[in-house]
**Q** 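Just dropping this structure here.
Note that the coordinates shown come from a computational prediction; the quantities given were computed from them, not determined experimentally. Throughout, a chain's letter reflects where its sequence line sits, starting with A, and its residues are numbered from 1.
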Number of protein chains: 2
Amino acid sequence: MPKVVDREEMQHGILDAAMQVYAKKGYHAATIADVAKEAGLGKGTLYLYFKNKEAIAISMVERHFKGMEDRFFGQKMPGTLEEFADGLSKSMEIPDGQSQFVRVFFEVFGPSFASETFSEKVASFFDKLGAHYAGQIAHLQEAGHIRSDADAGKLGRTLASLIDGMILHRGLFNISAQRHAEMRSEATNVFVRGLISGAQ
Amino acid sequence: MPKVVDREEMQHGILDAAMQVYAKKGYHAATIADVAKEAGLGKGTLYLYFKNKEAIAISMVERHFKGMEDRFFGQKMPGTLEEFADGLSKSMEIPDGQSQFVRVFFEVFGPSFASETFSEKVASFFDKLGAHYAGQIAHLQEAGHIRSDADAGKLGRTLASLIDGMILHRGLFNISAQRHAEMRSEATNVFVRGLISGAQ
DNA sequence: TACATGACTGACCAGCCAGTCATAATAGAT
DNA sequence: ATCTATTATGACTGGCTGGTCAGTCATGTA
């Protein structure tokens with residue numbers, strides 16, 4: 001038997017290298033040769049693991065969204081406002097290394113949003129997220145922890161938008177982890193105060 | 001004297017055409033020839049009005065940010081919570097045609113954020129916006145309209161981030177104007193409730 | 001040691017596009 | 001009418017990069 005290589009591990013390594021290079025030079029400015037060099041491989045070798053440049057980007061996104069889904073949907077139904085707030089805060093928390101992904105993502109896929117199908121796919125992700133929060137809100141309303149006059153559906157969507165917005169804002173504008181943490185706590189605070197029944 | 005042309009008007013027209021093309025095909029995929037065609041001009045003619053492709057993008061940004069500044073900072077100091085809320089809501093409101101700019105912006109300038117100078121320039125814009133809101137919040141605190149235990153500075157920054165985030169979210173993900181309006185009103189509602197003194 | 005097979009490589013090429021420039025069209029002045 | 005400064009044009013080119021492929025290397029088996 002000849003030399004054997006773990007394909008998945010290889011692909012992971014290449015994606016890491018690509019992320020590094022794209023974050024520094026930008027996806028379009030970066031050449032395949034750059035990525036190969038960063039990965040410590042010959043240019044041709046890359047093509048053994050990815051069909052072409054685009055395939056690298058697509059794999060990168062898939063890997064990333066996988067992680068996001070876990071972060072967003074992995075949490076269990078909160079029983080108290082405090083747990084809910086923790087969940088919100090945690091959702092807004094992005095690992096430092098991954099926050100640069102946002103920029104690369106939009107450089108590569110920004111144009112794709114012009115297509116209906118692509119756009120809808122992403123939109124459905126946020127619908128799901130909105131519904132997720134709506135479910136939690138409704139649950140807490142029943143338990144009397146959130147004012148009952150609120151429309152859980154709309155609120156859920158809005159919360160999703162706000163949270164995603166903060167993540168985007170951080171990723172795109174390179175807000176420092178510390179300042180982001182500050183904002184996260186302030187935002188959570190405002191949200192929760194805005195949701196409780198006793199308000200006004 | 002020979003043929004005379006209004007340079008500024010010409011440049012405006014080219015920028016409009018470029019915006020159109022970039023939004024549809026993406027900045028990198030679009031060629032100068034595409035832009036020229038959309039503008040109803042020959043390729044060479046473009047180069048009489050813009051030095052190169054990059055210059056078009058830069059002019060586009062400058063024109064856009066000019067408008068943003070007016071929207072954000074043009075409002076006068078709010079005397080009541082209601083006026084404050086109106087201001088917030090208005091800040092989140094983006095003309096339909098301009099919301100597509102966000103995607104183009106990040107496709108073109110996403111990579112530039114890797115540079116300190118560029119990054120800081122944008123960051124300072126948001127510092128200014130944060131300070132702007134902080135000033136309004138402090139003002140309303142003195143008047144007793146907002147709970148006094150809040151840190152106006154942090155809150156201002158957080159609000160700026162949330163608002164900008166919603167704008168980004170809308171622009172990037174192509175949220176419909178109607179749904180965006182819904183979210184705007186919900187968000188404003190939550191903010192205001194979260195800011196008032198009587199809460200909890 | 002010889003051989004088989006998968007892993008790896010980088011020089012090369014085709015296609016693409018930003019930017020140039022030689023030439024043509026236009027319109028105000030006389 | 002004619003002249004000429006200015007504006008308009010699109011065929012052309014030079015540089016660049018994604019992707020290929022003919023050849024080399026590494027590893028394990030007989």
Side-chain angles (χ1 to χ4, degrees), chain A residues 1-61 104-105 107-112 114, chain B residues 1-61 104-105 107-112 114:
Chain A
M1 285 286 169
K3 190 174 176 183
V4 170
V5 164
D6 183 335
R7 272 189 79 76
E8 285 213 0
E9 200 179 304
M10 208 64 168
Q11 286 173 329
H12 264 291
I14 292 171
L15 289 183
D16 288 342
M19 186 68 242
Q20 209 68 15
V21 173
Y22 293 167
K24 197 186 300 183
K25 292 190 67 167
Y27 173 80
H28 285 98
T31 67
I32 288 285
D34 290 332
V35 175
K37 194 176 170 192
E38 175 76 27
L41 297 172
K43 194 179 159 187
T45 313
L46 270 193
Y47 285 87
L48 297 178
Y49 297 99
F50 291 99
K51 197 169 120 271
N52 51 33
K53 200 185 182 185
E54 199 192 350
I56 295 178
I58 289 175
S59 282
M60 222 159 77
V61 171
V104 175
F105 177 78
E107 193 197 342
V108 180
F109 292 98
S112 305
Chain B
M1 283 296 159
K3 190 173 174 181
V4 169
V5 164
D6 183 333
R7 273 189 78 77
E8 285 211 0
E9 201 180 302
M10 207 66 167
Q11 286 173 329
H12 266 288
I14 292 171
L15 289 184
D16 289 342
M19 187 68 241
Q20 209 69 14
V21 173
Y22 293 168
K24 196 185 303 181
K25 293 190 63 167
Y27 173 80
H28 284 98
T31 68
I32 288 287
D34 290 332
V35 175
K37 194 176 172 192
E38 176 76 27
L41 298 172
K43 192 178 161 186
T45 313
L46 269 192
Y47 285 88
L48 297 177
Y49 298 98
F50 290 98
K51 199 169 119 271
N52 52 34
K53 200 183 182 187
E54 199 192 349
I56 295 178
I58 290 174
S59 282
M60 222 158 80
V61 171
V104 175
F105 177 78
E107 193 196 344
V108 180
F109 292 99
S112 305

**Q** Applying side chain to side chain donor-acceptor pair (under 3.5 Å), name anything that partners A:Asp16, two or more places apart in sequence or on another chain.
**A** A:Arg63
**Q** Just the rounded figure in Å: distance from P of C:dC16 to CG of B:Asp34.
**A** 13 Å
**Q** Excluding sequence neighbours, so at least two apart, what forms ring-ring contact (aromatic ring centres under 6.0 Å, His included) with B:His12?
**A** none
**Q** Summarise how protein sits on nucleotides 7-22 of chain D as a single string, 5' to 3': B when a protein heavy atom is under 4.0 Å from the base, S for sugar-phosphate-only contact, - for no contact.
**A** SBBB------SBBB--
**Q** Which pairs count as ring pair (Phe, Tyr, Trp, His ring centres under 6.0 Å) when at least one residue sits in residues 36-58 of chain B, sequence neighbours excluded?
**A** none
**Q** Can I get a per-line list of side-chain donor-acceptor pairs under 3.5 Å for residues 32-46 of chain A, giving both atom names and the distance, sequence neighbours left out?
**A**
residue	atom	partner	partner atom	Å
A:Asp34	OD2	A:Lys25	NZ	3.1
A:Asp34	OD2	A:Thr31	N	3.0
A:Asp34	OD2	A:Thr31	OG1	3.2
A:Thr45	OG1	A:Gly42	O	3.4

**Q** Which residues pass the side-chain contact (heavy atoms from CB on, under 4.5 Å) test with B:Glu8, sequence neighbours left out?
**A** B:Asp6
